[in-house]
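One structure, as C-alpha cells, below. Some questions next.
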Amino acid sequence: MRVLGIESSCDETAAAVVEATDAASPWQLRSSVVASQVAIHREWGGVVPELAARQHLRDIVGVVDQALADASSTWDDIDALAVTQGPGLVGSLLVGVSFAKAVAAARNLPIVPVHHLAGHIESLALHNGDLPYPAIVLVVSGGHTSLFHLPSPGVYQLVGRTRDDAAGEAYDKVAKLVGLGYPGGPIVDRRARQGNANAIAFPIPKLTHEDRNAGPHTHLPVGFELALKRRTDFSFSGLKTAVRRHVELATDGGRRALTDGEIDDICASFQRVVIHTLLERTFRAAEWFDARAIGIAGGVAANSALRSEAERRGAASGLPVFVPSIALATDNAAMIAAAGLRRWQLGDRGHALDFNADASLAL
Ligand code: KG4
Ligand code: ZN
C-alpha cells in the first residue's frame, strides 16, 4: 500500500510517498520533498499568507513530481492520497486540497483528509515504529503547543494546550526582540549553546487562574477533571513579555545594542524556562495517565536542548521518550501520508470529494 501525502498548510509545499507492507512491519519512508518558502517570508519577519498561497501554486506540481521520482514510483504505483485539510492558512491549504482532489478524480484514487497535528503525532511512529500505548504526546510547533493522550493507535485526546502563544511562536518572537533572524527557533537553539542558561532568572510560567478564554475543547478522562484542571495547559506570553522588559532595561530603552554575549545569555535563559515548562507538564501528564511512553513532535522537537533534556528525564524516570528525526519534526508530507495510513489501517477508506480546506479544523 503506497500513499502519497501532500502538505501545504503554512509555508512549506511538501509531498512524500510512504509505504505500508503488513500490519506488523513499520511504515517505510520512500521519499519526502519539502520546498521551503523561508527565503520569501524572511524579508517580512513572518509568513505573509497571500505570498505563501501564491508560492504553493508555483511549487506544488514540481514537488509532487519529485516525490514520485524519488520514490521510483509513477501514479500507477500510488494506492491512495492523504492531504492536510487543516488547520492552517486557508489560501495555503486550498492549494494542496484542490490539487489532491483533482488527482483523486483524475486517477480514481481514494483520498484521506488529515489533520495537521495528527500528522505531527504520526511522525513519531513513522520514524520509530509504533509507540507503546497508552502514550502522552506533546506537539510543539509554531502554531501549537498541545498535549495529547493516545490510549491506542490513531486515537488522539487533547488533554492540554497553550492558552496564548505557541512555544515555537515564542522562539520566533524572542529572536526578533534580540535582533536575530527568521525563523527564530533554530537560531535561538544555536545561540543558546554558547550562553549561560542561568544568567537571567526569567519567571517559570504559572497558571494560577481558570482559563478565561474558552479555547479548544480538552478531553479529561472521568475522575481526572480536578487533578488535571489548570495543570496540563501552557502559557508563553508572560515569558515573552519578561524577555522584552529585560531587553528594554539592558539596552537602556534601545539606546545601546546588546552584545553577542548578552544575546547568547538571553537565548539560553529563555530556552531553559521553555524546556523546563514543556517537559514538566508532559512528564506529569504521563504519570497521571499511566503512560508507557512519551512522544515529542513538531518543529520545536528539532531543538537540540529539548531533545537531550527529554532523553535525560526519560532515562531518569524509566519512561521511553520518542522524537522524530529533525527532518520529520518540522513540517513535511511524510507525516501526512503516515496519518493517512493510520486512518486507513483503522478502516477509513477515503472521503467523497466534497470536503473542504478548514483553517480551524478540530482534531
Ligand atoms: O511544525 P513546524 O514546522 O510548523 C508549524 O506547524 O508551526 O514548526 C515551526 C516552528 C517555528 O516556530 C520554528 O521557529 C520552530 O518550529 N523551530 C524550532 C527549531 N526548529 C524549528 N524551535 C526551537 N529550536 C529549533 N531547533
Ligand atoms: Zn506543523
Side-chain angles (χ1 to χ4, degrees), residues 5-14 16 32 34-38 41-42 45-47 49 52 84-89 92-93 96 114-124 126-127 137-146 148 161-162 165-178 180-193 195 197 234 236 239-240 267-268 270-275 277-279 295-310 323-336 338-339 359-361 363:
I6 294 175
E7 152 67 37
S8 69
S9 64
C10 189
D11 62 340
E12 349 261 7
T13 320
S32 181
V34 180
S36 170
Q37 303 179 1
V38 160
H41 301 292
R42 182 174 284 136
V47 177
T84 307
Q85 183 184 7
L89 303 169
S92 292
L93 288 164
V114 163
H115 191 283
H116 183 77
L117 294 193
H120 277 301
I121 293 170
E122 297 302 349
S123 73
L124 294 164
L126 179 58
H127 183 66
V137 173
L138 172 70
V139 179
V140 67
S141 70
H144 293 87
T145 302
S146 301
F148 291 93
R161 78 274 187 261
T162 183
D165 293 352
E169 192 181 352
Y171 267 96
D172 296 337
K173 286 177 177 168
V174 162
K176 216 181 225 180
L177 279 173
V178 297
L180 300 173
Y182 168 87
I187 309 174
V188 172
D189 186 353
R190 236 176 5 257
R191 297 293 295 255
R193 279 178 224 157
F234 300 93
F236 291 105
L239 175 59
K240 177 191 66 191
C267 290
F270 158 79
Q271 181 163 281
R272 174 181 53 79
V273 174
V274 172
I275 292 175
T277 307
L278 290 174
L279 294 181
I296 305 178
V300 182
N303 185 271
S304 56
L306 176 62
R307 291 167 86 95
S308 58
E309 180 61 15
V323 293
S325 65
I326 306 273
L328 290 178
T330 49
D331 283 351
N332 65 86
M335 67 185 197
I336 301 305
S360 50
L361 185 69
L363 184 58

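For ligands, and for the atoms within them, numbers begin at 1 and follow the listed sequence. Because the structure is predicted, anything quoted here is derived from the model rather than measured.
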Atom 2 (P) of ligand 1 [closest protein heavy-atom partner, distance rounded to 0.1 Å]: Asp331 OD1, 3.4 Å
Element-labelled atoms of ligand 1 that are located less than 4.0 Å from some non-hydrogen atom of Gly299: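 Result: 1 (O), 2 (P), 8 (O), 16 (O), 17 (N), 18 (C), 19 (C), 20 (N), 21 (C).
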Min heavy-atom dist Pro186 to ligand 1 below 4.0 Å: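 Under 4.0 Å: yes for Pro186.
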Ligand-residue contact atoms, ligand 1 with Asp172, heavy atoms, under 4.0 Å: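 Near Asp172, the atoms of ligand 1 are 11 (C), 12 (O), 13 (C), 14 (O).
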4.0 Å heavy-atom contact, Gln271 with ligand 1: no
Number of protein N, O or S atoms [distance to the Zn ion (ligand 2) under 2.8 Å]: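 Atoms of protein N, O or S type lying less than 2.8 Å from the Zn ion (ligand 2) total 3.
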Shortest protein contact, atom 24 (N) of ligand 1 (heavy atom only):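 Heavy-atom neighbour on the protein nearest atom 24 (N) of ligand 1: Asn303 ND2, 2.9 Å.
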Test side-chain hydrogen bond (donor to acceptor under 3.5 Å, both in side chains) applied to Ser123 - qualifying residues, sequence neighbours left out: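 side-chain hydrogen bond (donor to acceptor under 3.5 Å, both in side chains) list for Ser123, sorted by chain: empty.
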Per-atom contacts of ligand 1 with His120, taking only distances under 4.0 Å to non-hydrogen atoms: 1 (O), 6 (O)
Working for side chain to side chain contact (heavy atoms under 4.5 Å, CB included), residues Thr162 and Ser146: CA-CA 7 Å; Thr162 183; Ser146 301; over 6 Å; no
Distance from atom 26 (N) of ligand 1 to nearest protein heavy atom, with residue and atom: Asp189 OD2, 2.9 Å
Trace of the side chain to side chain contact (heavy atoms under 4.5 Å, CB included) decision for Phe148 with Leu363: CA-CA 10 Å; Phe148 291 93; Leu363 184 58; 3.5 Å; yes
Rounded distance (nearest 0.5 Å) linking atom CG of Asp331 with atom OG of Ser36: 10.0 Å
Closest protein heavy atom to atom 9 (C) of ligand 1, given as residue, atom name and distance to 0.1 Å: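 That would be Gly142 N, 3.7 Å.
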List, one per line, each side-chain donor-acceptor pair under 3.5 Å for residues 166-173, sequence neighbours excluded.
{"from": "Glu169", "atom 1": "OE1", "to": "Ala166", "atom 2": "N", "distance (Å)": "2.9"}
{"from": "Glu169", "atom 1": "OE2", "to": "Lys173", "atom 2": "NZ", "distance (Å)": "3.2"}
{"from": "Tyr171", "atom 1": "OH", "to": "Gln271", "atom 2": "OE1", "distance (Å)": "3.0"}
{"from": "Tyr171", "atom 1": "OH", "to": "Asn303", "atom 2": "ND2", "distance (Å)": "3.4"}
{"from": "Asp172", "atom 1": "OD1", "to": "Gly184", "atom 2": "N", "distance (Å)": "2.9"}
{"from": "Asp172", "atom 1": "OD1", "to": "Gly185", "atom 2": "N", "distance (Å)": "3.4"}

Per-atom contacts of ligand 1 with Gly168, taking only distances under 4.0 Å to non-hydrogen atoms: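 Reading through ligand 1 atom by atom, the close ones are 12 (O).
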Results of side-chain hydrogen bond (donor to acceptor under 3.5 Å, both in side chains) for His41 - residues two or more places apart only: Gln37
Check: Asn332/Ser32 side-chain N/O donor and acceptor closer than 3.5 Å: no
Met335 side chain near Val114 side chain, heavy-atom distance below 4.5 Å: no
N/O donor-acceptor pair under 3.5 Å between Gln85 side chain and Pro87 backbone: no
Heavy-atom proximity to atom 18 (C) of ligand 1, best of Ala166, Gly88, Gly185: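 Checking each option, the heavy atom nearest atom 18 (C) of ligand 1 is found in Gly185.
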Sub-4.0 Å heavy-atom contact, His116 with ligand 1: yes
Steps toward side chain to side chain contact (heavy atoms under 4.5 Å, CB included) verdict (Leu124, Leu328): CA-CA 8 Å; Leu124 294 164; Leu328 290 178; over 6 Å; no
Aromatic ring pairing His116/His120, orientation class (parallel under 30°, perpendicular over 60°, tilted between): perpendicular
Close-contact set for ligand 1 against Gly143 heavy atoms, below 4.0 Å: 7 (O)
Interatomic spacing from NZ in Lys176 to CD1 in Ile187 - rounded to 0.5 Å: 12.0 Å
Interfacing atoms of ligand 1 (cut-off 4.0 Å, heavy-atom, Thr330):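 This gives 3 (O) as the contact atoms.
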Sole residue of Leu239, Val188, Leu306 in side chain to side chain contact (heavy atoms under 4.5 Å, CB included) with Val274: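 So the option named by the test is Leu239.
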